[in-house]
Amino acid sequence: MATPQYDVDLYRVIHNTEYKGGFTEISGVLAVPKGTICKVPLMAYSHGTVISKTNVPSYGSDESKIALYFASEGNVVCATDYIGLGSSTVDLHPYMHGFSQAHSSLNLMRATRELDDELDINLGNQVFSFGYSQGGFVSAMLVKYIEPWYSDEFSVTAAAPMSGPYNLHGAQYDMVNSGLPYATPGYLPYLIFSYQMMYGGLYDEVSDIFKSPY
């Protein structure tokens, strides 16, 4: 059993992020250890697949405990809720859309830096990106965008993208053509509706791609 080293303040942070050529407002959680003396690392945590709008870190989901735990060990942890979830007014979460999810996390990191003095965070230069399942994909995407585009703002010390869906086409194609029952069929329409919303052109009517009554 881990023993917390610090008390932690939790904040819900509302900020803007890129969405379909403009910006939209989203939420995320910020966990700040209290009473640190040295400069503290910034950890960006990305949560896994959820359907419920409020089953996200800044609304007290189980994964908010991950932010709480790592902050209690002396790290500043930010965990985005993503577009379409949490306080977002976008109707559908753009599931597995790398650009929007990476930038949701990136912009929460930026907001954390802007709050450094106000909240007495005492941020250092170390940056860590980690996540599991969908969050593993997002964690990898965050590094993908930071290194070529935003290296003047952040330098990623280490990343741990865990158990993420990295070959979306290959994995889904093999599954739906295997002849075996799909244990979690909700993933496929979530992905299709998301890409239709972000890119368009996948179908004209839902019935073009999904058989009635499904």
Side-chain angles (χ1 to χ4, degrees), residues 1-6 8 10-11 13 15 17 26-33 36 38-50 55-83 85-86 93-113 121-168 170-171 184 187 190-191:
M1 180 68 71
T3 302
Q5 302 299 307
Y6 300 92
V8 176
L10 289 176
Y11 303 90
V13 179
H15 63 95
T17 195
I26 62 170
S27 54
V29 74
L30 174 60
V32 181
T36 56
C38 299
K39 294 286 186 181
V40 292
L42 174 60
M43 305 185 79
Y45 175 69
S46 303
H47 70 77
T49 301
V50 299
N55 187 22
V56 290
S58 85
Y59 282 73
S61 70
D62 285 343
E63 290 190 78
S64 69
K65 298 172 185 175
I66 294 173
L68 183 62
Y69 167 77
F70 280 97
S72 76
E73 295 293 307
N75 306 281
V76 172
V77 185
C78 60
T80 179
D81 294 333
Y82 306 142
I83 296 169
L85 301 172
H93 167 52
Y95 184 59
M96 303 306 298
H97 183 251
F99 179 91
S100 64
Q101 285 157 46
H103 282 75
S104 295
S105 186
L106 174 71
N107 286 308
L108 182 53
M109 292 164 63
R110 288 169 168 161
T112 300
R113 280 197 169 167
I121 296 175
N122 200 24
L123 276 177
N125 293 322
Q126 287 187 312
V127 173
F128 298 90
S129 172
F130 71 118
Y132 187 80
S133 188
Q134 179 188 358
F137 166 82
V138 178
S139 174
M141 289 296 100
L142 179 60
V143 177
K144 174 184 176 179
Y145 283 105
I146 284 178
E147 288 188 340
W149 289 6
Y150 309 112
S151 59
D152 58 330
E153 295 182 65
F154 299 100
S155 178
V156 178
T157 306
M162 297 174 284
S163 194
Y166 307 115
N167 181 9
L168 300 177
T184 50
Y187 287 138
Y190 206 178
L191 183 64

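Heads up: numbering here begins at 1 and tracks the sequence.
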request  = Would you please indicate yes or no on a ring centroid separation below 6.0 angstrom for His47 and Tyr132?
outcome  = no

key: Between His103 and Tyr150, ring centroids under 6.0 Å   = yes

Test side-chain hydrogen bond (donor to acceptor under 3.5 Å, both in side chains) applied to Ser46 and Ser139, step by step = CA-CA 6 Å; Ser46 303; Ser139 174; 5.6 Å; no

Mind checking the [atom1]-[atom2] spacing from [X] to [Y]? Nearest 0.5 Å is all I need.
X	Y	atom1	atom2	value
Leu123	Thr36	CG	OG1	9.0 Å
Phe70	Lys65	CZ	NZ	15.0 Å
Glu73	Met43	CD	CE	10.0 Å
Met109	Thr80	CE	OG1	11.5 Å
Met96	Gln101	CE	CD	6.5 Å
Arg113	Leu42	CZ	CG	7.0 Å

inquiry  = So, applying side chain to side chain contact (heavy atoms under 4.5 Å, CB included) with Pro41, which one of Thr157, Asn75, Val127, Val76 is it?
reply    = Asn75

task = For Leu142 and Ser129, work out which heavy atoms get closest and say how close.
result = CD2-OG, 3.6 Å

ask   = Considering all heavy atoms of both residues, which atom of Met141 and which atom of Gly98 are nearest to each other, and what is their separation?
value = CG-CA, 3.8 Å

message = Could you walk me through whether Phe154 and Leu106 satisfy the side chain to side chain contact (heavy atoms under 4.5 Å, CB included) test, starting with their C-alpha distance in whole Å, then the side-chain angles of each, then the deciding distance to 0.1 Å, before giving a yes or no?
response = CA-CA 9 Å; Phe154 299 100; Leu106 174 71; 3.8 Å; yes

task = Could you check whether the rings of Tyr95 and Tyr187 sit parallel, tilted or perpendicular, using 30° and 60° as the cut-offs?
result = parallel

